[in-house]
Amino acid sequence: MKFNDRWLFVLLGFSCLLHFSFLGWGVPDHQRTSLVLTEEQRNEEFYGRLARARDALYENFKWANPTANEGYARKHGLPVKDVLDEGGTKDFLLNSLGSYLVRSLDSDEQKIFVALAGLKSGKDGNWIPAPSHYGGAYLYPLAVILKATQVVGLLDLVPDITYYYAHPNKMGDIYLVSRILSAAAGVASVAAVYSLALMLFGVPCARWSAFFWATSPLVYSMTHVAKPHMFGALFAIGCLYYAVIIYEHGIDRRYIGAGLCAGLAVGSVLNTAPYVLALPAAHIARALRRKEGFLNIVADKTMWALVAVAVVVFLVTNPWVTFRFQEWYYTTVGIFLTSGELATLAGESRGFSLSILPRFVRVSLLPALNVFAVPLALIGLVSASRSRDARVKFFGGFFMFVLTCFSFAYYKEGSGSASTGRHFLPGIAMMAIFAGFAISRVWISRSALLSGGIRAAVAGCCLVTSVYYCGVYAMDTPAQATYMLAGRWI
């Protein structure tokens, strides 16, 4: 597909300015340390106490990964509190201080560095990170970026935690560099959304879809954290792109690209798995549309080649699944059973109701895409369902499938949290495409002036929202952050 639309490059340039701005928010630094440690406490002996207290947390664990231990305890009916507290409760204050000195304001980011801490380069090095629910397809590229940055002298990577207690700004640099990968994935995903919308609905829709996606508050948030959600979403959108092609033309030689996208998506973060199902769903739907027999569907070699490529990519990028399966399994169990997001698996279901779907849209998705774009997305979805284009109907039907699945799976968190939208990130991209379809081809008044006014108003509101989010992150500096001002006042 040729990219010769100048508006795409304008959007990519705008996305670079947007998503690479203020990446250094909420990271450790000396000013933050000064709020909790006196001048006398900032010495090698005290930092050594913090490190020893931290080590004590892990001494009695079955595995170094706390999430794996929690998953093991829950799976076998053991008291979770006892398992996690053993060896660390007596040093609660020291552990709290140590954690505060090196964590960012997004506490999940430190899980990335816990996993990467096990990597050691060299002839006798360990090339397998600690098993994590964040995948190796994201961790390994991030490790390469961090190492390359160290080699050119822009980053200090030291195995001694006390170094970062004494130099929290150096830990802040690691967070900043790590977030660059998320920001780059966010910019690349703008082109991915454009390509998918272009194939389905044409150039005007592609422009609007990429714009809605680029200005999404959730996308902005996910490009500003060192977490794999945006990186995995990029390849999940690739799966949707290949699914539409497969539905129209079949798999043929496309199994390599489709398999790579599938393996890298799930290999980055597991919650992209539902979108990978678009590939076999497209294959089956196409066969049924062509009235092919069941045996022909199952016996298609290219479909199995696609699956094989995806599995190989997943296992290669996540070697601990093969070599440390038990720890990976309990890590995965731990994250799902303790997050409250898939609460029904833990026997915590309060019963389903028809109110779950609209509640998920209202609480989790409305602020995720944009309050001005979500109504357009719903209009576009309804209009797409009436389309004569079979590809569009397949795309709309698959969106309703994943929307329903995520609504019910995440209903407990979705009832009171907008943060659930990060797990639905590729679905937000699909919503952006439906919103682009609505504003470019459906919502058209006979009055060109009125149509132009409506579109300008929507675009303006989305831009204002983006600028507002930039301002919020810009304020999160030691000089302006409210938590810093409160800390100084206290």
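When atom types are taken as modelled, the side chain of Y164 and the backbone of V158 share a donor-acceptor pair closer than 3.5 angstrom. Panel note: side chain S216, backbone W213; no donor-acceptor pair is recorded below 3.5 Å. The main-chain N or O of D29 is never found under 3.5 Å from a side-chain atom of N169 such that the two would form a donor-acceptor pair. With hydrogens and angles ignored, the 3.5 Å screen pairs a side-chain donor or acceptor of T272 with a backbone N or O of V266. Not a single donor-acceptor pair under 3.5 Å links the side chain of Y242 to the backbone N or O of A278. In terms of modelled atom types and a separation under 3.5 Å, the side chain of R42 and the main chain of L37 share a donor-acceptor contact. Here the side chain of S99 pairs no donor or acceptor atom with the backbone of S96 at under 3.5 angstrom.
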Between Y194 and V190, does a side-chain contact (heavy atoms from CB on, under 4.5 Å) hold up when you go through it step by step? CA-CA 6 Å; Y194 179 95; V190 172; 5.7 Å; no

Run V193 and F212 through side-chain contact (heavy atoms from CB on, under 4.5 Å) and show every step you take. CA-CA 10 Å; V193 169; F212 285 136; over 6 Å; no

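The minimum heavy-atom distance between S21 and C470, with the atom names listed, is OG-SG, 4.0 Å. Here the closest non-hydrogen pair linking V276 and A262 is CG1-CB, 3.6 Å. Across A51 and Y165, no two heavy atoms sit closer than the pair N-CE1, 3.8 Å. A pairwise comparison of heavy atoms in G427 and Y275 identifies N-OH, 3.2 Å as the closest pair.
Between Y473 and the choices F20, F22, Y468, Y220, the ring pair (Phe, Tyr, Trp, His ring centres under 6.0 Å) rule is met once, by Y220. Screening R103, K227, R179 for a salt bridge (charged side-chain N to carboxylate O under 4.0 Å, His left out) with E109, the sole residue that qualifies is R179.
Judged purely by distance below 3.5 Å, without hydrogens or angles, the side chains of D106 and S104 never pair a donor atom with an acceptor atom.
Under the ring pair (Phe, Tyr, Trp, His ring centres under 6.0 Å) criterion, F372 pairs with no residue, sequence neighbours left out.
Taking the six-membered ring where the residue is Trp, the centroids of F395 and F434 are separated by under 6.0 Å.
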